[in-house]
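Structure record follows, encoded as structure tokens.
Keep in mind it's a predicted model, so treat the numbers as computed, not measured.
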Amino acid sequence: MHIVSRTNIKEYPLISRGKVRDIYEIDASTLLIVTTDRMSAFDVIMNEPVPYKGVILNQITIFWMNTFEDIIANHLVATDVKDFPAPLAPYADELEGRSVLVKKAHPLPIECIVRGYITGSGWKDYQHSGKVCGHILPDNLKESQELPAPLFTPSTKAELGEHDENITMGEARELTGEGLVKKVEDVALTIYKKASDYARKQGIIIADTKFEFGLQGKHLLLIDEVLTPDSSRFWPATGYEAGKGQASFDKQYLRDWLAGTGWDKTPPPPALPEDVIANTQKKYLEAYQLLTGKHLDLPTAR
């Protein structure tokens, strides 16, 4: 197992290199997704990787996809490098723990966001308008307060380096179709409720999260990452108190450090000190261990 910032697998065509994931086409129906240790914040990729972060994210996603199989099918084909095609064997140490073979699917053109607590951009929206993404909310809610019921708040999908934009349900229906939007709303809220109830027992509050869905023919699949510290806000249940910002197991720690540097959120980002990198990894690893109840044995990073 190695620290991986960027992959270069010559045997298969690279079809996407995103903020975190490198995606290769294995054949007409199969993709290889490699979750690297690249770290992004404010839609900017940091210069330094967070060691084995990609392994942690990948393992959390596999855990959740297996948990939700009774609710919705997912795109997983193989999760162990021993089951990958022979041409990938020379890359086994690089791919171990951080890669999956998946079914090709057509991603929906919307991000499927579920908010269970009022925080982040939702809190700012509420302070300004009394609404969150068009949903009218009760008066006098506090920052970080649990919402009366979880909200499905779709957004656009931005290109690399740009920002997602919140959209109304009407706009989501125009992009995706009314029946499909209703389906993903129902599935996303069901998954969030099940995950939230489970995580709370493990000591984590899932404040909000982002799901990705895709179509394989007419079949809806859960794809990409699921309920990770990159795609969600995870708060420690111990010490939670509405009316203020919360401690977290996600990249909010890094966002707060970056904001404190005075950085203007445009490239290039500031260099990350060793302690910030180590603390970020520690938070991600703690989230994995609390959620899965397992210990993830990672090599010494440095």
Side-chain angles (χ1 to χ4, degrees), residues 1 3 20 35-37 39-41 49-71 74 76 79 96-100 113-120 143-147 150 188-212 222 224-242 244-257 275-301:
M1 190 181 289
I3 299 171
V20 175
T35 307
T36 73
D37 299 325
M39 186 77 198
S40 73
V50 172
Y52 309 109
K53 166 186 164 260
V55 175
I56 299 167
L57 295 182
N58 187 53
Q59 294 303 315
I60 289 175
T61 290
I62 292 169
F63 166 78
W64 286 122
M65 283 191 169
N66 290 334
T67 299
F68 300 138
E69 278 184 322
D70 62 328
I71 298 173
N74 60 64
L76 293 178
T79 60
E96 183 185 357
R98 66 170 71 252
S99 56
V100 288
I113 299 166
V114 178
R115 303 171 188 268
Y117 293 72
I118 190 160
T119 186
E143 181 181 6
S144 304
Q145 186 170 338
E146 186 172 9
L147 294 168
L189 288 170
T190 299
I191 291 175
Y192 175 82
K193 179 69 166 59
K194 182 174 181 177
S196 185
D197 289 348
Y198 168 83
R200 190 66 183 253
K201 294 173 185 175
Q202 305 302 112
I204 290 179
I205 292 171
I206 304 174
D208 54 35
T209 194
K210 176 178 68 177
F211 296 112
E212 287 261 18
L222 183 61
D224 199 46
E225 64 181 317
V226 181
L227 289 158
T228 72
D230 266 16
S231 65
S232 317
R233 283 187 175 89
F234 289 160
W235 297 337
T238 302
Y240 164 74
E241 183 183 355
K244 62 180 184 179
Q246 307 297 311
S248 72
F249 294 116
D250 53 57
K251 68 167 70 173
Q252 191 60 46
Y253 162 78
L254 177 62
R255 291 191 194 103
D256 291 345
W257 182 86
D275 65 316
V276 171
I277 294 171
N279 286 336
T280 300
Q281 187 207 52
K282 181 180 177 183
K283 288 176 178 293
Y284 277 51
L285 191 56
E286 189 172 359
Y288 168 84
Q289 292 171 343
L290 283 171
L291 289 172
T292 67
K294 298 177 181 178
H295 176 74
L296 192 57
D297 190 17
L298 298 177
T300 302

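Listed for the E225 side chain is no donor-acceptor partner under 3.5 Å among the backbone atoms of T61. Here the side chain of S232 pairs no donor or acceptor atom with the backbone of F234 at under 3.5 angstrom. Between the Y288 side chain and the K294 main chain, no donor and acceptor come within less than 3.5 Å of each other. A donor-acceptor contact shorter than 3.5 Å is absent between the side chain of N74 and the backbone of L222. Between the side chain of Q59 and the main chain of L57, no donor-acceptor pair closer than 3.5 Å is present. The closest donor-acceptor contact from the side chain of Q246 to the backbone of E241 lies under 3.5 Å.
Residues K53 and Q281 have side chains not in contact (no heavy-atom distance under 4.5 Å, counting atoms from C-beta outward). Residues D208 and Y117 have side chains not in contact (no heavy-atom distance under 4.5 Å, counting atoms from C-beta outward). Side chains of L291 and W64 form a contact here, defined as non-hydrogen atoms less than 4.5 Å apart. Using a 4.5 Å cut-off on side-chain heavy atoms (C-beta onward), V276 and Y253 make contact.
Across every non-hydrogen atom of G116 and Y192, the tightest pair is CA-OH, 3.2 Å. Nearest heavy atom pair, residue I277 against residue P51, reads CG2-CD, 3.6 Å. Nearest heavy atom pair, residue R233 against residue G120, reads NH2-CA, 3.4 Å.
Note on D197 versus K193: salt bridge recorded, some NZ/NE/NH1/NH2 to OD/OE distance being below 4.0 Å.
In terms of the ring-ring contact (aromatic ring centres under 6.0 Å, His included) criterion, F249 has no residue partners (sequence neighbours excluded). Residues meeting the side-chain contact (heavy atoms from CB on, under 4.5 Å) test with I71, sequence neighbours left out: F68, V187, T190, I191, K194.
Counting only N and O atoms by type, the side chains of D250 and S248 include a donor and acceptor under 3.5 Å apart.
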